[in-house]
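Keep in mind that what you see is a predicted model, and the values were worked out from it rather than measured. A note on names: the letters A, B, ... follow the listed sequences, proteins ahead of strands, and every chain is numbered from 1. Computed over heavy atoms, backbone and side chain alike; hydrogens, waters and symmetry mates excluded.
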There are 2 protein chains.
Amino acid sequence: MSATLKDVAKLAKVAPSTVSGVLNGTTRVKPETRRRIMQAVEELNYRPNHLARSLRTQGTRTLGLVIPSITNPFYPALARGVEDTANAYGYSVLLSNTDRAPDKEQQYIETLIDKRVDGLILVDSMVPDSLIQEIAQTPNLAIVMMNRGIDSPNVDEIWVDFRNAAIQMTEHLIEAGHHRIAFLAGPRNIWRAEERLLGYQEALSRHKLELDKSLIKYGKFDYESGYELGRELLAQGDDFTAVFASNDLMAIGCMTALQDSGIPIPHDVSVVGFDDIDLAFFVRPKLSTVYQPNYEMGTAAVRLIMERIRQERNVKTRQELTSRLVMRESMIPHRSPDG
Amino acid sequence: MSATLKDVAKLAKVAPSTVSGVLNGTTRVKPETRRRIMQAVEELNYRPNHLARSLRTQGTRTLGLVIPSITNPFYPALARGVEDTANAYGYSVLLSNTDRAPDKEQQYIETLIDKRVDGLILVDSMVPDSLIQEIAQTPNLAIVMMNRGIDSPNVDEIWVDFRNAAIQMTEHLIEAGHHRIAFLAGPRNIWRAEERLLGYQEALSRHKLELDKSLIKYGKFDYESGYELGRELLAQGDDFTAVFASNDLMAIGCMTALQDSGIPIPHDVSVVGFDDIDLAFFVRPKLSTVYQPNYEMGTAAVRLIMERIRQERNVKTRQELTSRLVMRESMIPHRSPDG
DNA sequence: TTGTAGGCGTTATCAA
DNA sequence: TTGATAACGCCTACAA
């Protein structure tokens, strides 16, 4: 139904290749010819067929974004960063939610490649290294992984320095007099969770504080496990003065559990989180946490992809973005009883 | 680099068209031939090129989703509903954020059409009717609009019965003894905002309650304006006993303003919202609000598109999904002082 | 300055 | 049961 290059050519009485050349600015024609062509384009309301173009040029101007779930408050800003930047470069983005299921992720990746995306952004990927290394061979495909290392010269990496951020937050707590700090860890085997735990431990050891394993609890990064863990901590009858949850949802869950037991926060116990999701600002007391540059992660990823596509760079790059502490109301210095 | 149909054909010693037929199940061949083909496919790790296929078949198995912003807590669930359902049908989804800017939206729509998406889901669209009517002529394109009517037989519609929900919530308040209910309206000229206001007015009139314009305040659907409006209400020295905000962000902002002025909620004033975003569950008191079936909106949209694509239906459909009240802690019955 | 021809990787039609 | 052939709409040498 819609007009093709051929139609335009016929109407303008020139060859299709001439029209193509003019429209893409690769051919110089005399003004009169150009005028006729433009008029025909206008008249037929011609719009190039991207499919045909892509088939020919081996480029789709489309990127694939693969995330655990857009529903997780951590990702919308990132997705927005990706989409905005892609759009600025004239690219579109295809969205995929994997739910952290390796099979599902693999399927999405394959579909995306079959659809010939020019770039692939894998966030918190769960597929085996071997698969990544295999797809890294795909021609005309730039890949960047977020928060995951991979031994391949063709794949770029973007990281957030979770460990350092965890160290900073822990030290902040320590320096404020908290020496018995409970830690709510995330699921084992998830890198973003493990780094936070490592940071906590590192800070403790730097300050020569004993690591009490009974103060470390493992949760599932959700509100419920935070609540659960808060109750466990209470049940232990421990003397902790602060809890550092490795994400905000757990921090809020824990805070609620403590509050439900009549423990005033931050007066009796300080609680801090990690991620700085919107919620952190709305709970009472406002949650002190670690801000993640999510939007910037997205923009950075697209930029790395563009450098590859435009062949401005062909060596592996590893970029590290930094988080920063945002202290609100849920944490105050600890005064020892005998202080 | 990657193998094509031709390569497979050569290796299996058959014609490309035969391979195509077998792979698509449109051609019957004898077992032996089939075996050879499958083996060649395996050996070369052949994957069909969707671009070429799409060019030929006029179908991309891709949908375009156009929303104001994925960053707005209202849309991730919807997007997830769209993506999940699309995926179940073997479709991918292209994401676009318009920021409610008509020009930007138009550009996205055009790009999406140029990329030959099979379906377009326009959420809270801001472009003029004429544009929609124009693109509704595009062949091989199914369009559904969410929360916006359009006079075109080719475009399906999905609505949430905002007005009814607002009526219900208001009546709930009235029946609980609240007769002076302040209303925080959204931006004028935005349908989803206006319907809510209309519902509020309708309920008042049904119960023969006077409509006091000084109790109606216009905000911008964000936390800040809710806070602002809360302060305004207070400054007026009015005797309202409840406030109905037309979205949760404003409700929470207002609640915070009241609390900051030392007014206990819900004891002195009840506050209710609209949308049931995640936040609603986490603020204290937990916000009573109107739940929106966002995820279901997404799935419904894709289903309508699929019906069109598969030609199971070719008449316009208008589907209405229903919200429901979710009462938590921020509202209690009002006892009149002399009661 | 403009046109011709071939091909990108499929699928559909028709013959053999 | 299989194969040849012609599109789909575009781009890019190369030729004129």
Look at all strands and tell whether A/S54 reaches a base, only sugar-phosphate, or nothing, counting heavy atoms closer than 4.0 Å.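 Nothing, no nucleic acid heavy atom in range.
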Gap between atoms [atom1] and [atom2], on [X] and [N] respectively (whole Å):
X      : N      : atom1 : atom2 : value
B/L51  : C/dT10 : CG    : P     : 10 Å
B/Q58  : C/dG9  : CD    : P     : 19 Å
A/K115 : C/dT10 : NZ    : P     : 15 Å
A/D7   : D/dC8  : CG    : C1'   : 13 Å
B/R34  : D/dT2  : CZ    : P     : 11 Å
A/R35  : C/dT1  : CZ    : C1'   : 17 Å
A/L55  : C/dT10 : CG    : C1'   : 8 Å

Which one of B/V66, B/I132, B/N147 satisfies the side-chain contact (heavy atoms from CB on, under 4.5 Å) criterion with B/S125?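 So, applying the side-chain contact (heavy atoms from CB on, under 4.5 Å) to B/S125 and each of B/V66, B/I132, B/N147, only B/I132 qualifies.
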So, taking the atom named CD1 in A/I135 and the one named CD1 in A/I113, what distance separates them when rounded to the nearest 0.5 Å?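 One finds 4.5 Å between CD1 of A/I135 and CD1 of A/I113.
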For B/D129 and B/R148, what are the C-alpha separation, side-chain angles and deciding distance, and is it a salt bridge (Lys or Arg N to Asp or Glu O under 4.0 Å)? CA-CA 10 Å; B/D129 281 13; B/R148 151 94 111 101; 2.7 Å; yes
Cation-pi, A/W159 ring and A/R318 (6.0 angstrom, 45 degrees):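 Judged by the rule (NZ or CZ under 6.0 Å from the ring centre, within 45° of its axis), A/R318 counts as positioned above A/W159.
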May I ask you to establish whether B/R192 and B/F74 are in a cation-pi arrangement, using a distance under 6.0 Å from NZ or CZ to the six-membered ring centre and at most 45° from the ring axis?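 Yes, cation above the ring, under 6.0 Å and within 45°.
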Which donor-acceptor pairs under 3.5 Å do side chains of residues 79-88 of chain A form with protein atoms, sequence neighbours excluded?
from, atom 1, to, atom 2, distance (Å)
A/R80, NE, A/D84, OD1, 2.9
A/R80, NE, A/D84, OD2, 3.4
A/R80, NH1, B/S69, OG, 2.8
A/R80, NH1, B/D99, OD1, 2.9
A/R80, NH2, A/D84, OD1, 3.2
A/R80, NH2, B/D99, OD1, 3.3
A/R80, NH2, B/D99, OD2, 2.8
A/E83, OE1, B/N97, N, 3.3
A/E83, OE1, B/N97, ND2, 2.9
A/E83, OE1, B/Y108, OH, 3.0
A/E83, OE2, B/Y108, OH, 2.6
A/D84, OD2, A/Y295, OH, 2.5
A/T85, OG1, A/G81, O, 2.6
A/N87, OD1, B/Y108, OH, 3.4

With axes from five pairs an end, tell me the bend angle of the helix from C/dT1-D/dA16 to C/dA16-D/dT1, nearest 10°.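 Inter-axis angle at the ends, rounded: 50°.
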Could you write nucleotides 10-16 of chain D as a row of B, S and -, 5' to 3', where a protein heavy atom under 4.0 Å of any base atom gives B, of only sugar-phosphate atoms gives S, and otherwise -? BBB----
For salt bridge (Lys or Arg N to Asp or Glu O under 4.0 Å), just list the numbers for A/E32 and A/R36, CA-CA rounded to whole Å, side-chain angles, deciding distance to a tenth of an Å, and then say yes or no. CA-CA 6 Å; A/E32 161 59 10; A/R36 284 213 318 280; 3.6 Å; yes
May I have the step-by-step check of salt bridge (Lys or Arg N to Asp or Glu O under 4.0 Å) for B/R308 and B/D156, ending in yes or no? CA-CA 9 Å; B/R308 289 276 196 174; B/D156 296 321; 2.8 Å; yes
Is there a salt bridge (Lys or Arg N to Asp or Glu O under 4.0 Å) between A/R100 and A/E105? Walk through the geometry before answering. CA-CA 7 Å; A/R100 295 188 200 278; A/E105 184 180 347; over 6 Å; no
B/A15 vs B/R116, nearer the 5' end of DNA chain D by closest nucleotide: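 Nearer the 5' end of the strand: B/A15.
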Choosing from D/dT1, D/dG3, C/dT1, which nucleotide comes nearest the side chain of A/R28?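 For A/R28, the side-chain atoms sit closest to C/dT1.
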